Amino acid sequence: MALDRDGGIPPRLRPADVARRGGLGLLDVVLPPAEAAEHLGLSRPFITRLLDAGDILSMTLPGSRHRVVRLADVLVFQQRRERRRRGRRQVADVSDDLETAM
């Protein structure tokens with residue numbers, strides 16, 4: 001199940017589909033690590049390391065070694081990553097301003 005680039009909504013689970021399925025919340029949708037990696041623009045091996053470290057929560061499928069990631073957890077990770085990126089950018093901007101002032 002690939003994610004749309006524009007809305008991030010899996011094409012097979014549009015809101016109308018969710019309503020028909022008895023109210024399954026979109027954020028409860030689970031993705032394999034490869035699709036989570038695609039959504040985040042990261043490699044699958046890097047996502048695997050993040051899952052191993054607990055940076056992104058994952059679940060192991062019953063009776064299997066395969067893991068899945070909730071879309072909600074992928075989006076939380078994405079927000080945290082963006083916040084850190086903005087913070088680093090602000091620090092770099094202040095540093096550049098200080099260098100220019102000297």
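As the structure is a prediction and not an experimental result, all values here were calculated from the model.
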Compile the donor-acceptor pairs under 3.5 Å between side chains in residues 44-57 and protein atoms, sequence neighbours left out, one pair per line.
residue	atom	partner	partner atom	Å
Arg44	NH1	Thr48	OG1	3.4
Thr48	OG1	Arg44	O	3.0
Asp52	OD1	Arg67	NH1	2.9
Asp52	OD1	Arg67	NH2	3.0

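Arg83 meets the salt bridge (charged side-chain N to carboxylate O under 4.0 Å, His left out) test with no other residue; sequence neighbours excluded. With sequence neighbours excluded, no residue forms a side-chain hydrogen bond (donor to acceptor under 3.5 Å, both in side chains) with Gln79. With sequence neighbours left out, the side-chain contact (heavy atoms from CB on, under 4.5 Å) criterion links Val68 to Val30, Met59, Leu61. Partners of Arg85 under the side-chain contact (heavy atoms from CB on, under 4.5 Å) rule, at least two apart in sequence or in another chain, are Arg81, Glu82, Arg88, Arg89.
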Q) Under the side-chain contact (heavy atoms from CB on, under 4.5 Å) criterion, do Arg70 and Val29 qualify, and how do the steps go? A) CA-CA 6 Å; Arg70 285 183 339 129; Val29 170; over 6 Å; no

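In this structure, Gln78 and Leu40 have side chains that are in contact, with non-hydrogen atoms separated by less than 4.5 Å.
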